[in-house]
Amino acid sequence: QVQLVESGGGLVQAGGSLRLSCAASGRFFRFNAMGWYRQAPGKQREFVAGLTSGGNTNYADSVKGRFTISRDNDKKTVYLQMNSLKPEDTAVHLCSAANFYWGQGTPVTVSS
């Protein structure tokens, strides 16, 4: 069983930065692929960034060069550093473990 709790969202102006955190419980965190997704009002959930247990990363085209996913296995936490934020990044950002366990999400609002 894995529980995920996101934090770090908020209101920021366009061009600003935020760092999201996802704290995980469970014994096998270091073996899980982790990911960030987001869902804007009225839209489907979309992939943002992924990180395998081996350290490989991948990103949605819309965030490449702006967002960075990382993990700290000792702290059982995965991060999403978001720079150069745009209004279209506004969404609830959710953390996932192995695309099976999900957090409740943290809202990000980017004002123009």
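Basis for what follows: all heavy atoms, side chains included, without hydrogens, waters or symmetry-related copies. Position 1 is the first residue of the sequence; numbering continues from there.
Within the structure, every pair that satisfies the salt bridge (charged side-chain N to carboxylate O under 4.0 Å, His left out) test and touches residues 44-53, not counting sequence neighbours, is listed here: R38-E46. Sorted by first then second residue, the disulfide bond (SG atoms under 2.5 Å apart) pairs that include residues 22-112, not counting sequence neighbours, are C22-C95. Sequence neighbours left out, the pairs with a member in residues 49-73 that pass salt bridge (charged side-chain N to carboxylate O under 4.0 Å, His left out) are D61-K64, R66-D89. Under the ring-ring contact (aromatic ring centres under 6.0 Å, His included) criterion, no residue pair touches residues 50-93, with sequence neighbours excluded. The salt bridge (charged side-chain N to carboxylate O under 4.0 Å, His left out) contacts involving residues 8-19 comprise nothing, where partners must be two or more places apart or lie in separate chains.
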Tell me which donor-acceptor pairs under 3.5 Å the side chains of residues 103-112 have, and how far apart each pair is, sequence neighbours excluded?
unit_1 : atom_1 : unit_2 : atom_2 : d
T106   : OG1    : G9     : N      : 3.1

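Contacts of S53 classified as side-chain hydrogen bond (donor to acceptor under 3.5 Å, both in side chains), with partners at least two apart in sequence or in another chain: none. With sequence neighbours left out, the side-chain contact (heavy atoms from CB on, under 4.5 Å) criterion links S17 to Q81, N83. For A23, the side-chain contact (heavy atoms from CB on, under 4.5 Å) partners two or more places apart in sequence, or in a different chain, are T77. The side-chain contact (heavy atoms from CB on, under 4.5 Å) check on A33 picks up nothing, with sequence neighbours excluded. Partners of E88 by salt bridge (charged side-chain N to carboxylate O under 4.0 Å, His left out), not counting sequence neighbours: none found.
The heavy-atom pair separating V12 from G16 by the smallest distance is CG2-CA, 3.8 Å. In this structure, L4 and A97 approach most closely via the heavy-atom pair CD1-N, 3.6 Å.
Interatomic distance, N32 CG to N73 CG, rounded to the nearest 0.5 Å: 10.0 Å. Between the CG atom of N56 and the CG atom of N58 there is a distance of 8.5 Å, given to the nearest 0.5 Å. Atom OG1 in T57 sits 14.5 Å away from atom CE in M34 (nearest 0.5 Å).
One hydrophobic cluster holds both I69 and F100 under the rule that ILVMFWY side chains link at heavy-atom gaps under 4.5 Å.
In Q39, the CD atom is crowded: over 12 heavy atoms of neighbouring residues, nucleotides or ligands sit closer than 6.0 Å.
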Task: side-chain contact (heavy atoms from CB on, under 4.5 Å) between L80 and T68, worked out - done: CA-CA 6 Å; L80 185 68; T68 302; over 6 Å; no
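The hydrophobic cluster containing F47, built from Ile/Leu/Val/Met/Phe/Trp/Tyr side-chain heavy atoms closer than 4.5 Å, also comprises Y37, V92, L94, W102.
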